[in-house]
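When a residue number appears, it is its place in the shown sequence, counting from 1.
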Amino acid sequence: MATEGDPTDLVKVLHLLVLSFSWGMQVWVSFISGFALIKQVSLHTFGLVQSKLFPIYFYCLVGSSVVNLSVYAVYHPRELLDWHESVQMILYFVVLVTAGLNAQWFGPVINEVLLQKMEVEKEHGLGNQIGFGSQKEAYDKLQVQDTKYKACRSKFGRYHGLSSLCNLIGFMCTTTNLIYTALNLSTV
């Protein structure tokens with residue numbers, strides 16, 4: 001491992017805790033909480049919960065990414081990096097960029113469009129059912145009848161897809177960094 005100085009035990013523990021926090025938060029928010037929640041509450045409640053949860057999630061991810069990248073960069077100077085460490089540094093940076101895109105751009109647009117979409121759905125008596133499968137025909141009919149709703153749904157789908165892709169890329173990078181760190185604990 002290339003270092004100018006060895007990190008203290010406190011720095012090593014901080015780095016591992018923040019990295020583990022990031023990964024655990026990504027697993028919970030991305031794969032567990034949504035599936036558990038969607039089967040318990042109405043679609044509009046689900047959307048409102050996500051609209052409040054995701055900004056906090058994205059900013060926590062940005063903050064933890066800044067800490068992870070900073071700690072790693074301090075103890076792995078660029079001039080002394082081997083290619084494995086360079087890849088790990090890039091992965092930390094990618095997590096920061098993807099979380100930043102979600103926090104600053106995709107998330108706010110999704111929330112704005114979600115509220116517009118929900119408003120139209122409420123006008124037509126939709127959104128109070130539990131789960132995504134019910135009343136699919138009514139949503140499809142509304143999309144054909146209402147051009148504003150069709151535009152909202154299209155924009156929501158596009159931005160939600162991009163946000164999900166960023167989140168998945170960030171998750172894969174964090175997972176890779178966590179695995180690499182676990183395999184090289186003595187060089188944290």
Side-chain angles (χ1 to χ4, degrees), residues 18-70 91-175 177-178:
V18 173
L19 185 57
S20 299
F21 167 77
S22 298
W23 187 80
M25 183 175 55
Q26 288 173 308
V27 167
W28 181 259
V29 172
S30 303
F31 303 111
I32 299 170
S33 66
F35 293 113
L37 191 61
I38 193 66
K39 295 179 181 188
Q40 304 298 319
V41 299
S42 72
L43 290 178
H44 284 180
T45 301
F46 178 76
L48 290 173
V49 167
Q50 284 193 322
S51 74
K52 303 299 182 204
L53 176 69
F54 279 7
I56 296 166
Y57 164 64
F58 292 140
Y59 282 109
C60 283
L61 197 52
V62 167
S64 61
S65 297
V66 166
V67 171
N68 283 325
L69 181 60
S70 299
L91 293 174
Y92 281 120
F93 184 72
V94 169
V95 175
L96 178 61
V97 169
T98 56
L101 283 171
N102 270 328
Q104 287 294 308
W105 190 30
F106 296 135
V109 171
I110 290 169
N111 282 343
E112 179 185 323
V113 175
L114 174 69
L115 294 175
Q116 293 170 359
K117 187 170 82 81
M118 286 172 47
E119 190 176 301
V120 175
E121 290 171 351
K122 281 182 187 176
E123 291 172 5
H124 291 85
L126 297 172
N128 292 323
Q129 70 280 5
I130 295 175
F132 283 118
S134 59
Q135 295 185 340
K136 182 179 177 351
E137 300 83 26
Y139 286 99
D140 293 341
K141 184 178 175 184
L142 179 58
Q143 185 173 343
V144 170
Q145 292 175 346
D146 192 325
T147 56
K148 178 183 174 186
Y149 181 73
K150 182 178 181 176
C152 283
R153 194 166 163 180
S154 174
K155 188 174 183 180
F156 177 81
R158 184 172 50 253
Y159 279 91
H160 190 274
L162 290 170
S163 176
S164 296
L165 178 63
C166 282
N167 193 53
L168 184 60
I169 289 168
F171 172 73
M172 290 186 312
C173 291
T174 301
T175 301
N177 277 333
L178 190 58

Chemist: Does the side chain of Phe54 come within less than 4.5 Å of Val29's, by heavy atoms?
Modeler: yes
Chemist: Got Phe156 and Glu112 here, is their nearest side-chain heavy-atom distance under 4.5 Å?
Modeler: no
Chemist: Is it the case that the side chain of Gln116 and the backbone of Leu114 share a donor-acceptor pair, with hydrogens and angles ignored and the cut-off at 3.5 Å?
Modeler: no
Chemist: When rounded to the nearest 0.5 angstrom, what distance separates SG in Cys152 from CD in Gln143?
Modeler: 10.5 Å
Chemist: Roughly how far, to the nearest 0.5 Å, is NZ of Lys155 from NZ of Lys117?
Modeler: 14.0 Å
Chemist: Say whether Asn102 and Ser163, considering side chains only, have a donor N or O and an acceptor N or O under 3.5 Å apart.
Modeler: yes
Chemist: So do Val120 and Asp146 actually touch side chain to side chain, heavy atoms under 4.5 Å?
Modeler: yes
Chemist: Can you confirm whether Leu61 sits close enough to Met25 that some side-chain heavy atom of one is under 4.5 Å from a side-chain heavy atom of the other?
Modeler: yes
Chemist: Please report the interatomic distance OH(Tyr92) to OG(Ser64), rounded to the nearest 0.5 Å.
Modeler: 10.5 Å
Chemist: Is there side-chain contact between Val66 and Leu96, with at least one heavy-atom pair below 4.5 Å?
Modeler: yes
Chemist: Would Asn167 and Ser30 count as having a side-chain donor-acceptor pair, cut-off 3.5 Å?
Modeler: yes
Chemist: What is the distance from atom OH of Tyr139 to atom CG of Leu43, rounded to the nearest 0.5 Å?
Modeler: 4.5 Å
Chemist: State, yes or no, whether a side-chain contact exists between Leu126 and Leu142 at a heavy-atom distance under 4.5 Å.
Modeler: yes
Chemist: Indicate yes or no: at least one non-hydrogen side-chain atom of Asp140 is less than 4.5 angstrom from one of Arg153.
Modeler: yes
Chemist: Tyr57 and Gln26: side-chain donor and acceptor closer than 3.5 Å?
Modeler: no
Chemist: Mind checking whether Leu48 and Met118 have side chains closer than 4.5 Å, heavy atoms only?
Modeler: yes
Chemist: With a 3.5 Å distance limit and no angle check, can you tell me whether Thr45 reaches the backbone of Val41 through a side-chain donor-acceptor pair?
Modeler: no
Chemist: Under the criterion side-chain hydrogen bond (donor to acceptor under 3.5 Å, both in side chains), I'd like the reasoning laid out for Gln104 against Tyr59: C-alpha separation, chi angles, the key distance, then a yes or no.
Modeler: CA-CA 9 Å; Gln104 287 294 308; Tyr59 282 109; 2.4 Å; yes
Chemist: Where the side chain of Tyr159 meets the backbone of Pro108, is there a donor-acceptor pair that is under 3.5 Å apart?
Modeler: no
Chemist: Once you round to the nearest 0.5 Å, how far does CG of Asn68 lie from OG of Ser20?
Modeler: 9.0 Å
Chemist: Which class fits the ring pair Phe171 and Trp23: parallel under 30°, tilted 30 to 60°, perpendicular over 60°?
Modeler: parallel
